[in-house]
Amino acid sequence: MSEAKTNETVHLTIDGREVDAPKGAMILDVARGMGIDVPSLCAHPGLEPFGACRLCVVEIQKPGWDDWYKQLVTSCLYPVEEGLKVWTDSDEVRQNRSVVLDLQMARVPESDYIRELGRQYGVEKTSYAERDTKDTCIMCTICVRACEAIGRSAIATLSRGPDKYVDVPNKDACIGCLVCASLCPTDAIPFTANDNGKRRIWDKEFDLVTDERTGEVLGTPEYLAHVQKRAEGNGLVWPETLKQESAKVKRYEYARKLSRVADVEDRLADEAK
Amino acid sequence: MSKRLYVTPYRCIDCKVCEQACSLANTPVPGVPARPRVQSFKVDDQNNFVLLCLQCDEPSCQAVCPVGALERNPETGAIEVNDKCIGCGFCVRACPFGCMDYDDTHNEYIKCDVCKGDPACAKYCPTGALVWSDKPWTDQEAEEYAKKKSSDPFTIALEMTKK
């Protein structure tokens, strides 16, 4: 969520290509905007940058530095600067990413996604001792930040150091929206979207509300109540039908109402002639 | 924002050409058609209707979005979904007209963005029910247009694939 506060732009060079970027934008967003592929696990354009995964490291050189001197920074947290030179795929960068992935592979040996990424950086097998676990959480906290963004803050990191883990301490705060599970880069959050009208996530079971006419699942009652509260908080009128109708039914109902109006208006216009 | 997408439901013949054109224009992966952003209905024997996003002045979808993923494009006046979307689906529940939808084949939230200023639905609509213009068409204009344009979906489909 790195937005430019002003219209000012800065001029920098990324991989030898010159670019003008809005002041305050992060290197990662600017590079991706140029079509440069910078790998990352914890970054999401809609969420606050966090710098957890360290995979988006790039090399930078500020104007005035000696030619041989460069620094490694996480591009998701580093705002663009005037005259900055950036390398996103140098040997040093690739070496650092392979170390990061080597460590991640030791942490989550069961994750296919991390293994595939590691292969791209020449890490076939971790050189560290593998953890003996099926868990694939890499502590990127994308779920924590997403849950905070939607206004529930149900998910948190608990404990400290090597024992740190992600969980839902207050089960009442979870609304079963599945956003956390769908954003998780390593699919570390187990869930059952719909099992005979029940949804399970974070060891909590939810009922499901379905559209009567199409059978489409609209969400859990807690989820719908949350959206309603959020909408009313923003001054929106919230008719009961919005909670019970799928998009398709809403469209049909609206068309049905309005086509009648059009019909009546036409007839009135004809009669007036 | 000189041009607008004018919708005249009583000219709609429910030929589904708009849906086809929309799906083709917005398909991110070739060969896997996207869910159309526009829908035409047969409401009853006499009435057809074509519905797409109304680009509200005070959009509910934008109001409930927690991450600012829905923004108005100043050039077209349309609300567009950007890459900030985290997929919470609040917008789908909030839209009173059902014009915000979820495309489960491509796993993305979709709405009409008037094709960034060149709506495919209006380009191929054979009757003038959907018109991209700076003013609404009179019935006479629409009739003249319809005479020139084929309303056979197959002919139109061929026309679409040519470009």
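Quantities reported herein were computed from a predicted structural model and do not represent experimental measurements. The chains referred to below are lettered A, B, ... by the order of the sequence lines, with proteins before strands, and numbering in each begins at 1.
One finds a salt bridge joining A/Arg213 and A/Glu245 here, because a Lys/Arg side-chain nitrogen approaches an Asp/Glu carboxylate oxygen to under 4.0 Å. Residues B/Asp101 and B/Lys111 are not paired through a salt bridge, judged by the lack of any N-O separation under 4.0 Å between the basic side chain and the carboxylate. Between A/Arg200 and A/Asp195 a salt bridge is recorded (basic side-chain N to carboxylate O distance below 4.0 Å).
When each of B/Cys65, B/Gly87, B/Cys88 is scored by its heavy-atom pairs under 4.5 Å with chain A, the top score falls to B/Cys88. Contact tally against chain B (heavy-atom pairs below 4.5 Å) for A/Arg230, A/Arg251, A/His226, A/Lys248: the top residue is A/Arg251.
Only the backbone of B/Cys85 has a heavy atom closer than 4.5 Å to any heavy atom of chain A. Heavy-atom distances place both the backbone and the side chain of B/Ile86 under 4.5 Å from chain A. For A/Ile150, the parts lying near chain B are the backbone and the side chain together; criterion is any non-hydrogen pair under 4.5 Å. With a threshold of 4.5 angstrom between heavy atoms, B/Ala63 approaches chain A through its backbone and through its side chain. Heavy atoms of B/Phe41 lying under 4.5 Å from chain A belong exclusively to its side chain. Residue contact with chain B, scored on non-hydrogen atoms closer than 4.5 Å, involves the side chain of A/Tyr223 exclusively. For B/Leu52, no part lies near chain A; criterion is any non-hydrogen pair under 4.5 Å.
Shown here are the side chain to side chain donor-acceptor pair (under 3.5 Å) partners of A/Thr220, two or more places apart in sequence or in another chain: there are none. Taking A/Ser40 as the reference, A/Arg32 meet the side chain to side chain donor-acceptor pair (under 3.5 Å) condition, with sequence neighbours excluded.
In this model, a donor atom of one side chain and an acceptor atom of the other lie less than 3.5 Å apart for B/Tyr10 and B/Asp139.
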Problem - Candidate pair B/Lys16 and B/Glu19, rule salt bridge (charged side-chain N to carboxylate O under 4.0 Å, His left out), full reasoning - result: CA-CA 5 Å; B/Lys16 307 279 184 202; B/Glu19 290 184 19; 3.5 Å; yes
